[in-house]
Amino acid sequence: MDKFIQLFNDIVKLLGKYGDSYVSGILNTLILALVATALGCLIGFICGVLNTIPYTKADPLPKRFFLKLIRGLVRIYVEVFRGTPMVLQAVFLYYGLPYFTDNLVKFDSIWLAAIVVVSINTGAYMAESVRGGIISIDPGQTEGAKAIGMTHVQTMTSVILPQALRNIMPQIGNNFIINVKDTSVMFIIGFPDFFAAHRAAVGASYLYFPSATVEMVGYLTMTLIASFLLRWVEKKLDGNSSYELVQVDSLTMTAGTYSHPDRNTPFDEKSREFKAANELKRERRERKLQELKYGRPKGDR
């Protein structure tokens, strides 16, 4: 029990002295994760769409070559950035570019470097998620869109992508939560995130475990709030579950969802006017059959 009291006192001491640094690190982490996830999703959508453009042997050779080249480049990009640690990607982009170009190409802003690294890494994961979301849509919808004269771009933007977006929404949220945690590796290039605040506090106070406890609680709080908000967004995308079927469309009525019309309307089968009209039609039909069978009576000639 004494150890927990000591831990609590050390945490209070850290928050009193380095609280502003922790809060600033949390804000920087959230901003970086949010911006990088948005840019990564944009990169992933572009790569996913380019990777699913259809072509056949009947298409011109330049078109087939160009699409195969695009798919090959996208595949290389995905495999490289999905198969290497983000910390090494940050090192290669931030320190490698000036090394190979004699400082002709380099990042002057740590923020820009961090956003580029995390965005490209997220885009590699999102490219495969988007591709999977697109191919998960029933091919019949694409065929139906083409049957009514829609182009491939119109089909993707109006039919396929809206449904694919809902299917990959959990993966987008998952990538955001991963970025909240994985941006901690940006300390390697000096980015002032939440983990960098922890390292600075530990270096000055030598209270490693109390500071790590603050870090763990902070990251857990951010991810739990993000998970709650993402579930709320998913429910909004699903729409209201309590809805009424349309009854005014003839196609709807023939699909087995027909219900009796309102009372005292011209379509009410149980109203006296409707019954009288049906009775008159029946009498006329029987009279016509009698005329065809026995001829018209003399009084009517």
Side-chain angles (χ1 to χ4, degrees), residues 1-41 44 81-82 84-90 110-111 113-126 128-129 168-238:
M1 190 65 182
D2 294 338
K3 290 296 182 180
F4 285 101
I5 296 176
Q6 182 182 352
L7 175 62
F8 178 78
N9 292 331
D10 290 339
I11 290 175
V12 171
K13 185 189 302 182
L14 283 171
L15 293 178
K17 192 171 183 179
Y18 306 103
D20 293 340
S21 178
Y22 284 129
V23 172
S24 177
I26 288 175
L27 292 177
N28 290 341
T29 295
L30 290 176
I31 293 173
L32 175 59
L34 188 62
V35 173
T37 302
L39 294 176
C41 288
F81 282 90
R82 199 175 58 172
T84 55
M86 189 188 297
V87 62
L88 294 181
Q89 296 168 14
I110 295 178
W111 268 95
I115 290 174
V116 169
V117 172
V118 182
S119 299
I120 294 177
N121 183 273
T122 304
Y125 286 92
M126 284 305 304
E128 288 300 290
S129 298
I168 65 177
M169 193 65 195
Q171 186 60 32
I172 294 176
N174 187 48
N175 282 330
F176 174 72
I177 292 174
I178 290 175
N179 285 340
V180 169
K181 299 180 298 180
D182 285 0
T183 51
S184 59
V185 303
M186 291 297 107
F187 77 90
I188 198 70
I189 61 174
F191 183 77
D193 69 330
F194 192 29
F195 190 75
H198 156 69
R199 289 171 57 86
V202 169
S205 64
Y206 298 100
L207 297 175
Y208 195 96
F209 182 72
S211 183
T213 304
V214 173
E215 288 287 301
M216 182 181 67
V217 173
Y219 278 116
L220 182 61
T221 302
M222 286 189 287
T223 55
L224 288 177
I225 294 175
S227 298
F228 173 79
L229 293 176
L230 290 167
R231 289 194 183 96
W232 178 79
V233 172
E234 289 180 18
K235 289 182 180 179
K236 288 296 182 180
L237 290 176
D238 289 337

So which atom in [X] and which in [Y] form the shortest heavy-atom distance, rounded to 0.1 Å?
| X | Y | answer |
| --- | --- | --- |
| Ile172 | Thr37 | O-CG2, 4.2 Å |
| Leu14 | Ser205 | CD2-OG, 3.5 Å |
| Ala196 | Phe191 | CB-O, 3.4 Å |
| Ile177 | Ala226 | CG1-CB, 4.2 Å |
| Pro210 | Asp10 | CG-CB, 3.7 Å |
| Ser129 | Gln171 | OG-CG, 3.0 Å |

Gap between atom [atom2] of [Y] and atom [atom1] of [X] - 0.5 Å precision:
| X | Y | atom1 | atom2 | result |
| --- | --- | --- | --- | --- |
| Phe176 | Met222 | CZ | CE | 9.0 Å |
| Trp232 | Leu230 | CH2 | CG | 11.0 Å |
| Thr122 | Asp182 | OG1 | CG | 8.5 Å |
| Ser21 | Leu15 | OG | CG | 11.0 Å |
| Ile189 | Met186 | CD1 | CE | 5.5 Å |
| Ile188 | Gln89 | CD1 | CD | 13.5 Å |

Do [X] and [Y] make a side-chain contact, defined as non-hydrogen atoms from C-beta onward lying under 4.5 Å apart?
| X | Y | answer |
| --- | --- | --- |
| Met86 | Phe81 | no |
| Ile31 | Trp111 | yes |
| Val233 | Leu229 | no |

Looking only at atom types and distance, does a side-chain atom of [X] sit under 3.5 Å from a main-chain N or O of [Y], one as donor and one as acceptor?
| X | Y | answer |
| --- | --- | --- |
| Asn9 | Ile5 | yes |
| Asn28 | Pro192 | yes |
| Thr223 | Tyr219 | yes |
| Ser119 | Val116 | no |
| Ser24 | Asp20 | no |

Modelled atom types, side-chain donor and acceptor of Thr183 and Asp193, under 3.5 Å: no
Take atom CZ in Arg82; do more than 12 heavy atoms of anything else shown fall under 6.0 Å from it?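 Yes.
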Centre-to-centre under 6.0 Å for Tyr208 and His198, is that the case here? yes
